[in-house]
Amino acid sequence: MSTIQESPTAAGSGASASENFKAVAAGLTVVDTPPERVAAIVTAVLKGVHGAIEEYDVTYPEFQAAKAWLMAVGDGGEWPLFMDVFVEHAVEAQVASTQHGTKGSILGPYYLPDQVKLGSTCQLPRRDDERGTPLVLEGQVRDIDGTPLGGAEIDLWQADADGYYSGFAPHVPDGNLRGVVVTDHEGRFEINTIQPAPYQIPHDGPTGQLIEAAGWHPWRPAHLHIQVRAEGHRPVTTQLYFAGGEWLDSDVAEATKPELVIDPQDDGTGVHRSSYDFELEPQS
Ligand code: MBD
Ligand code: FE
């Protein structure tokens with residue numbers, strides 16, 4: 001039996017990402033931003049737009065094309081994708097400025113809560129015929145004072161060897177390459193998975209059209225998404241990247257940091273291994 005390799009369409013993955021985000025947003029705390037702050041921020045955003053129009057002498061046809069494009073982003077469900085690729089890194093940088101311990105990175109549009117819980121030494125759920133270089137990530141979760149954090153949760157999600165995420169590509173089974181790993185009493189973990197491929201923004205939708213029209217490229221370097229949580233500690237949302245990987249220096253989402261690059265080595269059996277420790281600060 002051969003595996004059907006349907007590429008997800010932009011509209012398909014966009015619709016899933018929008019649906020997922022709406023579910024997440026429904027559970028978010030209400031933001032009670034005072035009117036002065038709303039006015040100040042929106043005025044600054046609009047000033048930026050007005051400034052670009054003036055600087056580049058934007059024409060009516062360009063203005064109408066921009067409106068049509070904005071509508072297409074919404075119709076295609078691509079706002080979560082667009083916002084997380086082009087805007088989230090700036091928000092994350094603000095958060096990072098007050099965060100100690102492991103460096104954070106953006107969450108992105110493909111996090112799904114409530115995945116299967118796994119023991120400290122485990123394999124992420126995968127297909128029987130999952131392709132890709134075997135990858136082992138081991139390490140320890142600690143408080144920034146060095147105390148090991150047993151029972152911490154390492155919530156991990158990643159693309160497969162073709163760059164597709166479960167939940168956002170029809171041919172990948174639900175829960176594939178996603179799991180919540182619970183550390184042992186010494187805060188240690190050893191996760192067996194496969195090397196993810198770089199991720200390409202879908203090019204058949206409005207976000208892809210913009211990238212093409214601007215002459216940019218649509219790639220993110222290969223990465224593992226990780227959120228580490230431990231009782232009494234500030235959670236860290238981050239990503240790990242791979243030394244020497246393509247697009248590492250030109251991530252379309254501008255979400256790489258040198259501290260987040262691992263360099264797995266072949267252990268002699270074709271398995272690539274890397275160690276990475278996570279450090280969480282106490283919840284304030
Ligand atoms: C991804 O996999 C991702 O990590 C981000 C930030 C945006 C789109 C797809
Ligand atoms: Fe990703």
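Counting starts at 1 for both ligands and their atoms, in listed order. All values derive from a computational prediction rather than experimental measurement.
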Residue [X] vicinity, atoms of ligand 1 by number, heavy atom under 4.0 Å:
X      : answer
Gly108 : 6 (C)
Tyr110 : 2 (O), 9 (C)
Val85  : 7 (C), 8 (C)
Leu81  : 8 (C)
Tyr165 : 2 (O)
His225 : 2 (O), 4 (O)

Original post:
Under 6.0 Å between the ring centres of Tyr165 and Trp157?
Top reply: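 Not close enough - the centres of the two rings lie 6.0 Å or further apart.
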Subject >> Aromatic centroids of His225 and Tyr111 separated by under 6.0 Å >> reply: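 No, the ring of Tyr111 stays outside the 6.0 Å limit from the ring of His225, centre to centre.
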[Y]/[X] salt bridge by N-O under 4.0 Å criterion:
X      : Y      : value
Arg127 : Glu130 : yes
Arg220 : Glu246 : no
Glu259 : Lys257 : no

Subject >> Heavy atom of the protein closest to atom 6 (C) of ligand 1 (residue, atom name, distance) >> reply: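 Result for atom 6 (C) of ligand 1: Ile106 CD1, 3.3 Å.
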**OP:** Give the residue, atom name and distance (to 0.1 Å) of the protein heavy atom nearest atom 9 (C) of ligand 1.
**Re:**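 Of every protein heavy atom, Tyr199 CE2, 3.1 Å lies nearest to atom 9 (C) of ligand 1.
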Original post:
What's the OH-the Fe ion (ligand 2)-NE2 angle here (Tyr165, His225), rounded to 10 degrees?
Top reply: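 Approximately 100° at the metal, rounded to tens of degrees.
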Original post:
Side chain, backbone, both or neither: which part of Glu88 has a heavy atom under 4.0 Å from ligand 1?
Top reply: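 It is neither part, as no heavy atom is under 4.0 Å.
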**OP:** Please determine if Gln239 has a nitrogen or oxygen closer than 3.5 Å to a nitrogen or oxygen of ligand 1.
**Re:**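 Checking ligand 1 against Gln239, no N or O pair falls under 3.5 Å apart.
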Between [X] and [Y], what is the ring plane arrangement, given parallel below 30°, perpendicular above 60°, and tilted in between?
X      : Y      : result
Tyr199 : Tyr110 : perpendicular
Tyr241 : His223 : tilted
Phe278 : Phe189 : tilted

Original post:
Would you call Pro109 a ligand 1 contact, heavy-atom distance under 4.0 Å?
Top reply: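 Right, Pro109 reaches ligand 1.
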